Protein chains: 2
Amino acid sequence: MDTIGFEQHDHKSCVQGALSAVEAQCAAHKLQFTPVRRRVLEILLSEHRAMGAYEILDVLRDEGLGSQPPVAYRALDFLVSHRFAHKVERLNAFIACTHPGQTHTPAFLICRNCDAVAEAHAEPTRGILGKAADEAGFAIEQAVVEAVGLCPNCREGHPACA
Amino acid sequence: MDTIGFEQHDHKSCVQGALSAVEAQCAAHKLQFTPVRRRVLEILLSEHRAMGAYEILDVLRDEGLGSQPPVAYRALDFLVSHRFAHKVERLNAFIACTHPGQTHTPAFLICRNCDAVAEAHAEPTRGILGKAADEAGFAIEQAVVEAVGLCPNCREGHPACA
DNA sequence: TGCTGATGCGTTATGATATTACATACAATG
DNA sequence: CATTGTATGTAATATCATAACGCATCAGCA
């Protein structure tokens with residue numbers, strides 16, 4: 001399972017591993033990992049890309065798991081608030097966390113050509129930004145770091161990219 | 001004029017200075033700084049906060065400068081693409097650049113209590129993220145860095161905050 | 001002058017994203 | 001079994017954004 005998500009990997013075990021990890025987390029913290037929530041996470045994990053809420057909703061609807069926007073948004077809120085998934089603000093889309101359970105500040109590398117998204121780490125409270133925040137007296141609680149550019153495949157005109 | 005925007009400052013001269021700088025930039029690059037574009041920038045500068053496109057449109061409409069969404073969005077596109085303003089993805093809102101003309105990667109400190117936004121600098125291609133991108137073969141072209149937290153005024157229960 | 005192309009604006013319509021509000025289901029608990 | 005809290009179902013609506021078309025203006029030029 002890769003943290004930097006542009007390479008090939010064993011997708012099936014990657015999905016399974018993440019699901020198990022989330023299950024364990026939910027059990028440990030007495031969170032209700034309901035069918036809808038589970039299914040939404042599975043969809044995100046198996047697609048392994050950023051998906052819009054309505055795109056997820058389409059899948060749920062086909063499966064009879066819900067048909068109105070709040071169903072998808074509520075499940076996504078649960079996943080995002082417990083950090084099992086993240087919202088990519090730049091795309092107004094959601095993506096499964098590639099390392100659930102570990103505390104981290106996710107940072108995303110978003111390909112402007114094929115929309116592939118890889119999750120990396122950032123440490124916004126360090127470096128220039130953290131210094132500026134300190135000086136301003138601003139208390140950073142959470143950060144969104146999203147870099148837009150070209151993924152390795154698209155840089156080489158790889159067929160994997162649409 | 002402050003770069004970290006939570007403190008008091010000479011607002012009038014701050015607005016004037018930014019407008020002059022943008023005017024000069026437009027003249028130098030043969031960009032059309034039309035009445036609508038100018039007015040939208042003035043609105044953003046004078047409010048000194050992140051505003052939604054429709055909020056800006058309301059002002060334009062009252063002034064007879066345009067009444068339909070594309071008018072506001074086109075002006076904002078112009079301002080954003082030339083970096084005279086920035087989009088705050090987290091808020092789906094726009095804010096005037098506090099130092100137009102200087103090349104920079106803007107980073108925002110967003111107060112979750114009063115929605116005040118300060119612009120700081122970031123250097124996403126350095127640090128952990130830059131390293132991860134390099135290793136992944138990802139070419140960062142542009143980055144969104146937005147930190148959510150509490151501004152100094154709200155930390156102290158300052159009356160300036162709603 | 002009159003043509004032509006480029007750019008910006010006006011307007012209608014629609015698409016895409018997200019939330020409010022209220023009703024219902026259902027499991028855990030006393 | 002009544003109560004409570006959490007999750008879900010559904011209708012309606014709010015909010016954010018763009019497509020597509022036509023017109024106005026203006027610069028460059030024959």
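Within every chain, numbering begins at 1; the chains are lettered A, B, ... in the order of the sequence lines, protein sequences first and strands thereafter. No experiment lies behind these values; they were computed from the predicted model shown.
- With a 6.0 Å cutoff to the six-membered ring centre and a 45° limit on the axis angle, Arg38(A) does not count as a cation-pi contact of Phe33(A).
- Going from atom CD of Glu89(A) over to atom P of dT17(C) covers 13 Å, rounded to whole Å.
- Not one side-chain nitrogen or oxygen of Arg74(B) sits closer than 4.0 Å to the OP1 or OP2 atom of dG8(C).
- Of the side-chain N and O atoms in Tyr54(A), none sit less than 4.0 angstrom from OP1 or OP2 of dA16(C).
- Comparing dT19(C), dT10(D), dA17(D) against the side chain of Pro69(A) picks out dT19(C) as the nearest.
- A distance of 12.5 Å separates CZ of Phe94(A) from NE2 of His86(A), quoted to the nearest 0.5 Å.
- Here the C1' atom of nucleotide dT15(D) and the CG atom of Leu76(B) are 15 Å apart, to the nearest Å.
- Within the structure, a side-chain polar atom (N or O) of Thr34(B) is placed less than 4.0 Å from OP1 or OP2 of dC9(C).
- Among the atoms of the strands shown, none is found under 4.0 Å from any heavy atom of Leu91(A).
- The CG-C1' distance, from Leu31(A) to dG5(D), rounds to 15 Å in whole Å.
- Residues Gln68(B) and Ala53(A) both approach DNA chain C. Their nearest nucleotides, taken by heavy-atom distance, put Gln68(B) toward the 5′ side.
- Look at CG on Leu57(B): it is 12 Å from C1' on dG10(C), rounded to the nearest Å.
- Leu60(A) comes within 4.0 angstrom of nothing in the nucleic acid, heavy atoms only.
- As judged by a 4.0 angstrom heavy-atom cut-off over every strand, Lys30(A) is placed among residues making no nucleic acid contact.
- Annotation: of the two residues near DNA chain D, Leu65(A) and Asp77(B), the 5′-most nearest-nucleotide partner is Leu65(A).
- Per the geometry, CZ belonging to Arg37(A) stands 7 Å off C1' belonging to dA7(D), to the nearest Å.
- Comparing Gln32(B) and Asn92(B) against DNA chain C, the residue whose closest nucleotide sits nearer the 5' end is Gln32(B).
- As rounded to whole Å, 16 Å separates atom C1' of dT8(D) from atom CZ of Arg61(A).
- Of the inter-residue distances, the one linking Asp77(A) atom CG with Arg74(A) atom CZ reads 9.5 Å to the nearest 0.5 angstrom.
- Counting only heavy atoms from C-beta outward, the side chains of Leu19(B) and Leu45(B) approach each other to under 4.5 Å.
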Verify salt bridge (charged side-chain N to carboxylate O under 4.0 Å, His left out) between Lys131(B) and Asp134(B), making sure each step is shown before the conclusion. CA-CA 5 Å; Lys131(B) 206 173 153 216; Asp134(B) 278 351; over 6 Å; no
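- Separating the OH atom of Tyr73(A) from the P atom of dT10(D) is a distance of 18 Å, rounded to the nearest angstrom.
- The CZ-C1' distance, from Phe78(A) to dT8(D), rounds to 14 Å in whole Å.
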